[in-house]
Undergrad: 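I'd like to ask some things about the structure below.
Within every chain, numbering begins at 1; the chains are lettered A, B, ... in the order of the sequence lines, protein sequences first and strands thereafter.
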Amino acid sequence: MTAQTLEQRDLAAVIGLEVHVQLETDTKIFCGCSTEATEDEEPNTRTCPTCLGLPGALPVLNEGAVEAAVKIGKALDADIPEETSFHRKNYYYPDLPKNFQITQYDAPICRDGRIEVEIEDERREISIRRAHLEEDPGSLQHAGGSIDTADYTLVNYNRAGTPLMEVVTRPDFRSPKETRRFLAKMEEVLEYLGVFDATRDGSLRVDANISMVPADEVAEDGSIAEETLESANRTEVKNISSHKGAEKALAYEVTRQKNAIKRGRAVEQETRHWDESRGVTVSMRSKEEEKDYRYFREADLPPLRVSGWKEEIPIPELPDARRDRFREEYGLDEESADKLTSTKEVADFYEEVAERFDPDLAATWVADNLLGELNYRDMRITDVTDRLDEFARLVELVDEGEITTKNAEEVVLRRMLDEGEDPDAVIEAEGLGTADDDEVAVAVSEAIDENPDAVEDYHAGEGGALNFLVGQVMGKTGGSADPGDVNRLLRERLED
Amino acid sequence: MSDTADEERAASVTADDVRHVAELARVDLDEGEVDEFAAQFVDILEYFEALDEVPEVDTEDDLANVMRPDEVRDGLSQEEALSNATETEDGYFKGPRVS
């Protein structure tokens, strides 16, 4: 210990995360019950003897969950050990019908991975200690009050047995903001892999470990000595369910711990609960320690030997690689490349359009016009992926000068999305075909003949006069003329 | 572990050990029961010494990678799922308050 006491030194936050993600399989991890919650489904309608923990029922591992885990391991650049196995974690709480949770303990399916995250223009590598498979518990409702004051508990096992992957990082985060960026990046990667759906309720749950250490003990490269970490009391914050929630909960916890230390009080080593609605963390009842869980091998599940699957199971190009390739191959700027790789579906959509047209034109149409209009309507690219041909046709019509860009953007695309019509039908119905040259020439002549005052103003050097005449021509052609052409034609005629 | 070590461990079950295990199991014990069970625990742990007498046997051939395809199978109806429950409410299992 240095001469200075802890309360006088500058403090730095040290944070590690445990991220639980729901794997996108059709069935639960140890039984054939569906994982697909229907809207307003009745409780306890997706269960069987296995996920209800009835005597004699045996778990059988879902191959789909193991494949998803291997894909995640590959994407995290993790080791898949020769042999992995399952354990029972024992604790008594009614969300577990068996009084134990099947999870992995000393032989997780993934070890020692990493994820690169861009934080404030700096690429940081976050180390992944391990990632393992486990089953989700059921859900509880505390009837007639909060958890402490409820009259009784209602239990629904529909969710029990849903496959989860728990990803555990090293304490590599130095600020709450970094955890948010990491979670966004991890979700993006998992969605690319097709093993995760962020729109599913409760698909992401986060526990965070956080402690404060003297800032001058953090090395230049962000590393911290093991003994410094161990001597700092840390809290575990539970019940975080979003990227934003992680940042807010941890920012609260940083302030709380700093204040405690500044006042000369030690931070209590404890589990705290993030109360999202009040924006505070509160101390939870003392939890079991690791030895209390009496982990032991799940004898009903033989070990897994799937290290070879790493070679056999392909994974798609991941977002960082795809972003770099888009910039190189299509010459996109950083912003467009970011937008066009935001999800795998957007990137696939763009590449199909780019194959048919100039990649720049395709980028403008997908990144700016289509994504913008979709966003405005609260729609996603997946709502229109089966209409890619119609969208390509619209770009083709613009590319060939059949309609103006303005009409394509403001009328055709919007009607395509709002009314579900195809572009040719919209053009037909709205009479939007580009005015042919003759029609424009006639309209120009008429505008000049009908507005001698404006012509006079133009020759007197009044800038607004030309705009007025352009407006007249556009009106006569129903907006189907190209304003640039009209402008040019008018000048030619007026200068004659 | 040797027999003597086992005996030492067995003999050292304290009232605190019993209270801790009872808390993990969410069982309420009064002080009389704690003492009674502490004594009984010693006996129970001694029963396990019988395992030391079991001869070693060959383990079964290694079984590995037992999995099922990711295909939905019919499970239980809500009525069937709840049929063993002592108390239910609106399709839920009903239990005491937990915290």
Undergrad: If you measure from CG on L24(B) to OH on Y92(A), what distance do you get to the nearest 0.5 Å?
TA: 9.0 Å

Undergrad: Select, from P49(A), G64(A), A65(A), the one with the greatest count of heavy-atom pairs under 4.5 Å involving chain B.
TA: P49(A)

Undergrad: What residues of residues 29-41 of chain A make heavy-atom contacts with chain B at a cutoff under 4.5 angstrom?
TA: I29(A), F30(A), C31(A), G32(A), C33(A), S34(A)

Undergrad: Closer than 3.5 angstrom, by distance alone: can the side chain of N44(A) be matched with the main-chain N or O of G91(B) as a donor-acceptor pair?
TA: yes

Undergrad: Are any side-chain N or O atoms of R68(B) and backbone N or O atoms of V60(A), one a donor and one an acceptor, separated by less than 3.5 Å?
TA: yes

Undergrad: My understanding is that only one of E89(B), R97(B), E87(B) makes a side-chain contact (heavy atoms from CB on, under 4.5 Å) with Y152(A); could you say which?
TA: E89(B)

Undergrad: Count the heavy-atom pairs under 4.5 Å between each of Q141(A), R294(A), R46(A), E83(A) and chain B, then report the option with the highest count.
TA: Q141(A)

Undergrad: What are the two closest non-hydrogen atoms of N62(A) and P69(B), and how far apart are they?
TA: OD1-C, 4.4 Å

Undergrad: Tell me, side chain or backbone of L52(A) under 4.5 Å from chain B's heavy atoms, or both, or neither?
TA: side chain

Undergrad: Considering residues, nucleotides and ligands other than D74(B), do more than 12 of their heavy atoms fall under 6.0 Å from its CG?
TA: no

Undergrad: Should we say atom CG of D28(B) is surrounded by more than 12 heavy atoms from elsewhere, each under 6.0 Å from it?
TA: no

Undergrad: Has the side chain of R305(A) got a donor or acceptor atom that lies under 3.5 Å from a matching backbone atom of N65(B)?
TA: no

Undergrad: Does D201(A) have more than 12 heavy atoms from other residues, nucleotides or ligands lying within 6.0 Å of its CG?
TA: no

Undergrad: Looking at P96(B), A85(B), G75(B), G95(B), which makes the most heavy-atom pairs under 4.5 Å with chain A?
TA: G95(B)

Undergrad: Any idea which of M67(B), E80(B), E79(B) has the most non-hydrogen atom pairs under 4.5 angstrom with chain A?
TA: M67(B)

Undergrad: Taking side chain as everything from C-beta outward and backbone as N, CA, C, O, which of these in D90(B) sits under 4.5 Å from a heavy atom of chain A? Side chain, backbone, both or neither.
TA: backbone

Undergrad: Do we see a donor-acceptor contact under 3.5 Å between the side chains of T25(A) and D70(B)?
TA: no

Undergrad: If we define contacts as heavy-atom pairs under 4.5 Å, which of P303(A), G138(A), C48(A) has the most with chain B?
TA: P303(A)

Undergrad: For V155(A) and Y92(B), what are the C-alpha separation, side-chain angles and deciding distance, and is it a side-chain contact (heavy atoms from CB on, under 4.5 Å)?
TA: CA-CA 5 Å; V155(A) 190; Y92(B) 291 90; 5.9 Å; no

Undergrad: Which answer fits L140(A), side chain, backbone, both or neither, if we ask what part of it has an atom under 4.5 Å from a heavy atom of chain B?
TA: side chain

